[in-house]
Structure formats: structure tokens, C-alpha cells
Amino acid sequence: AGVRADYAKARQLALESCDGGNGDGCAVAAEVVSAGIGGDVDTTKGTQLARRGCELGSPASCLASGRALKQGIGTPVSPDAGDRDLQRSYALASAACSRDDAGACRIVGELLRGDDLGAPDLARAAVELEHACTLGDADSCGYAGSAYMTGQGVAKDPARAKGLIEKHCQRMPGGCVGLSTGLLLG
């Protein structure tokens, strides 16, 4: 039972959502169009959809647009425009995270973890990702758990790492690999 997968319909609905002015819908549309889910691969259109979503105020769209612009995916390389979109993503996601939006907190953590905003801030990234985990974002549990297991930006804390990775495992069975590895390595 359940709903049968219909990739073409999913693509159509995401595009309609974006056309209707939903910035997060643009983020989904950008992802499916760029990956060729339910239709042809079109990275140019995917980047355009992400830019539209960013203009509509979606942190996820700004993240996708900024990275595409900096890397030249579906568009000429434009580091300045990419940086602007990444900064906008950070600002929008930070504001939403302060209102306890788990997905936004994950975006803040991802941006701080990488070099999208300049030098990584691994300590702040771990805090934001752990916060996103407590709000229910499964991927964030895995990222934060990994930081505490390896000591990336935070003091190594195997017990805390285990608890976070167990949450990831409970919410996403694929996350159990991290727990398994951690238990094997100690």
C-alpha cells in the first residue's frame, strides 16, 4: 500500500509550486530538473529555478543557487553572485532557525561546516546541527554525531556522538551505518 512513485507528476507539481511563487517549491523543482528526475536533465533551468526561489526568500533555493553560480553549474561561473546568494541563504536560514525551523538550522550548519561563507566554523556548525537534530532533522543528527565522534570543531565526546547517531539511525535506517562504524572503532 502507499502511493506509487510518479516522477513526472512530482516534477510537474514542483514546477507548478515554483510558478505559483513558493520559494521552497523552486528548490525542489531545481533539484529534480537538474537531476533529470521525471524528465530531461537541465542544469541551466535548474539554476534558474533556484535563483527564482532565492528571490522569493527560500534559504534552500539560495543555497542551491549560490553553489551553482560559484561552480558554474548550468550557468557561467559567477563567484560574486554566488557569494551573494550564499550570504542570503545564511541570513534567511539563520532567521528561520531562530524560530526553530529544523531544515533552516541544518542549512546554517551546512554553510558553517563548509567553505561556502569563507573559513569553516566547525564549532558553530556542530551547535547548529545538534539544534536541528533536536528539532527533528535526521541528517543533522548524523552530521553532529560525526563532529562529536571525530572532534571536528568540538571536543571529542563519544557518548554524545553515540546518542546523536542513534537518533539518526532511528529516523533514517541508512544512518545506522554511522552508528555501526562508530561502535566498531570505539
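In this text the structure is predicted, and so the values were computed from the model without any measurement.
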(message) Hydrophobic clusters here meaning ILVMFWY residues chained together by side-chain heavy-atom distances under 4.5 Å, can you tell me if Ile37 and Val33 are in one?
(response) yes
(request) Output every pair passing disulfide bond (SG atoms under 2.5 Å apart) with a member in residues 62-91, not counting sequence neighbours, ordered by first then second residue. (result) Cys54-Cys62
(request) Write down the atom of Cys141, the atom of Arg171, and the distance for their closest heavy-atom approach. (result) SG-NH1, 3.1 Å
(request) Report yes or no: does Thr134 contribute a side-chain atom to a donor-acceptor pair with the main-chain N or O of His131 at less than 3.5 Å? (result) yes
(request) With sequence neighbours excluded, tell me which residues meet side-chain contact (heavy atoms from CB on, under 4.5 Å) with Ala93. (result) Pro59, Ala104, Ile107, Val108
(request) For Lys167, check side chain to side chain donor-acceptor pair (under 3.5 Å) against everything at least two apart and list the hits. (result) none
(message) Testing the basics here: between Lys70 and Asp83, what is the closest heavy-atom pair and its distance to 0.1 Å?
(response) NZ-OD1, 2.8 Å
(message) Within this structure, what is the NZ-CG distance for the pair Lys162 and Asp157, rounded to the nearest 0.5 Å?
(response) 12.5 Å
(request) Please report the closest heavy-atom contact between Ala102 and Ala132, naming both atoms and the distance. (result) O-CB, 3.5 Å
(message) Asp139: which residues meet the side chain to side chain donor-acceptor pair (under 3.5 Å) condition with it, sequence neighbours left out?
(response) none
(message) Surrounding CD of Glu31 (heavy atoms of other residues, nucleotides or ligands, distance under 6.0 Å), is the total greater than 12?
(response) no
(request) Check for a donor-acceptor pair, side chain of Thr47 on one end and backbone N or O of Ala68 on the other, with a separation under 3.5 Å. (result) no
(request) Any pair with a residue in residues 125-134 that passes salt bridge (charged side-chain N to carboxylate O under 4.0 Å, His left out), sequence neighbours left out, goes on the list, sorted by first then second residue, please. (result) Glu130-Arg160
(request) Group every Ile, Leu, Val, Met, Phe, Trp and Tyr by side-chain heavy-atom contacts under 4.5 Å, then state whether Tyr7 and Leu15 land in the same group. (result) yes
(request) Under the side-chain contact (heavy atoms from CB on, under 4.5 Å) rule, what do Cys105 and Leu135 come out as? Steps first, then yes or no, please. (result) CA-CA 9 Å; Cys105 293; Leu135 295 171; 4.0 Å; yes
(message) With rounding to the nearest 0.5 angstrom, report the OG to CG distance, Ser65 to Leu49.
(response) 10.5 Å
(request) List for me each residue that meets side chain to side chain donor-acceptor pair (under 3.5 Å) alongside Asp24, sequence neighbours excluded, and say none if there are none. (result) Ser58
(message) Ignoring hydrogens, what is the shortest heavy-atom contact between Val28 and Ala14? Give both atom names and the distance.
(response) CG1-CB, 3.9 Å
(message) Considering only residues two or more places apart or on different chains, which pairs with a residue in residues 37-65 satisfy salt bridge (charged side-chain N to carboxylate O under 4.0 Å, His left out)?
(response) Arg51-Asp85
(request) Check Ile165 against Ser146 and note the closest heavy-atom contact, atom names and distance. (result) CD1-N, 4.2 Å
(request) Using the rule that two of Ile, Leu, Val, Met, Phe, Trp, Tyr join whenever any of their side-chain heavy atoms come within less than 4.5 Å, decide whether Tyr143 and Leu112 are in one cluster. (result) no
(request) Go through the steps for Leu111 and Ser89 under the test side-chain contact (heavy atoms from CB on, under 4.5 Å), then give the verdict. (result) CA-CA 9 Å; Leu111 286 165; Ser89 175; 3.7 Å; yes
(request) Hydrophobic side-chain clustering at under 4.5 Å (ILVMFWY, transitive links): who's grouped with Val154? Put none if nobody. (result) Tyr148, Leu164
Kindly list each side-chain donor-acceptor pair under 3.5 angstrom involving residues 114-126, sequence neighbours excluded, with atom names and distances?
{"residue": "Asp116", "atom": "OD2", "partner": "Arg67", "partner atom": "NE", "Å": "3.0"}
{"residue": "Asp116", "atom": "OD2", "partner": "Arg67", "partner atom": "NH2", "Å": "2.7"}
{"residue": "Asp121", "atom": "OD1", "partner": "Arg124", "partner atom": "N", "Å": "3.2"}
{"residue": "Arg124", "atom": "NH2", "partner": "Tyr90", "partner atom": "OH", "Å": "2.4"}

(request) Quick one: closest heavy-atom pair of Ser140 and Cys133, and the distance? (result) CB-N, 3.8 Å
(request) Say whether, by atom type as modelled, one donor and one acceptor occur between the side chain of Ser94 and the main chain of Ala91 under 3.5 angstrom. (result) no
(message) For residues 94-108, which residue pairs pass the salt bridge (charged side-chain N to carboxylate O under 4.0 Å, His left out) check, not counting sequence neighbours?
(response) Arg106-Glu110, Arg106-Asp137
(message) Going by the rule side-chain contact (heavy atoms from CB on, under 4.5 Å), which residues pair with Ser17 if we only count those two or more places apart in sequence or in a different chain?
(response) Asn22
(request) For Gln12, check side chain to side chain donor-acceptor pair (under 3.5 Å) against everything at least two apart and list the hits. (result) Glu16
